[in-house]
Amino acid sequence: MDDSTSNYSVPLLTNRNENSNQVSFSRKVWEENKIIWYIAGPCILCAIFQFSLAFITQTWVGHVGTLELAAFGLQNLVISGLTYGIMTGKGSALETL
């Protein structure tokens, strides 16, 4: 073995005070929180807008008449139930990957 290439050595474990690149726990939590909100924020807004649209539409249909309100309520229940079931199935299928 040639000793000319091993003129210096790097310790495997460094002292915590010597390493100036240490990041605090709160900074790590903040960075992870930003990533999670970047991914989950649009999903949350989409769900809020979807439920708001159904609520506002049902409110306006209620001003037209009771038969129309009953029809819209039934349709909204069926469509929301089917959508929730399909999305839950897709989410369960993705968990296995």
Side-chain angles (χ1 to χ4, degrees):
M1 180 170 198
D2 189 14
D3 288 334
S4 63
T5 59
S6 62
N7 290 336
Y8 62 93
S9 65
V10 177
L12 295 176
L13 299 175
T14 60
N15 190 358
R16 195 168 187 185
N17 296 332
E18 293 175 359
N19 193 354
S20 63
N21 293 332
Q22 290 290 331
V23 180
S24 67
F25 177 73
S26 61
R27 184 68 181 167
K28 289 180 184 178
V29 169
W30 176 252
E31 292 296 325
E32 188 69 25
N33 199 7
K34 283 192 331 188
I35 293 170
I36 290 172
W37 276 105
Y38 180 76
I39 294 170
C43 296
I44 293 169
L45 283 177
C46 183
I48 290 171
F49 291 152
Q50 180 182 1
F51 291 124
S52 297
L53 181 64
F55 172 74
I56 291 169
T57 306
Q58 192 165 2
T59 303
W60 284 104
V61 169
H63 290 294
V64 175
T66 56
L67 183 62
E68 291 83 2
L69 178 61
F72 180 77
L74 186 61
Q75 174 268 340
N76 195 20
L77 180 69
V78 170
I79 295 299
S80 296
L82 287 175
T83 305
Y84 183 74
I86 291 170
M87 294 306 286
T88 303
K90 286 182 180 180
S92 298
L94 288 176
E95 286 180 2
T96 61
L97 296 178

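Within the model, atoms CD1 of Ile79 and CG of Leu74 stand 10.0 Å from one another, a figure rounded to the nearest 0.5 Å. Separating the CG atom in Leu77 from the CG atom in Leu82 is a distance of 9.5 Å, to the nearest 0.5 Å. The structure places CD of Gln75 at 9.5 Å from CD of Gln58, a figure rounded to the nearest 0.5 Å.
Residue Gln50 comes nearest to Thr83 through the heavy atom pair NE2-CG2, 4.5 Å, listed as atom of the first residue, atom of the second, then distance. The two atoms that bring Ala54 and Phe72 nearest to each other are O-CE2, 3.8 Å, heavy atoms only.
Comment: Arg27 engages Glu31 in a salt bridge, judged by a side-chain N to carboxylate O separation of less than 4.0 angstrom.
Taken together through direct or relayed side-chain contacts under 4.5 Å among Ile, Leu, Val, Met, Phe, Trp and Tyr, Trp60 and Phe55 form part of one hydrophobic cluster.
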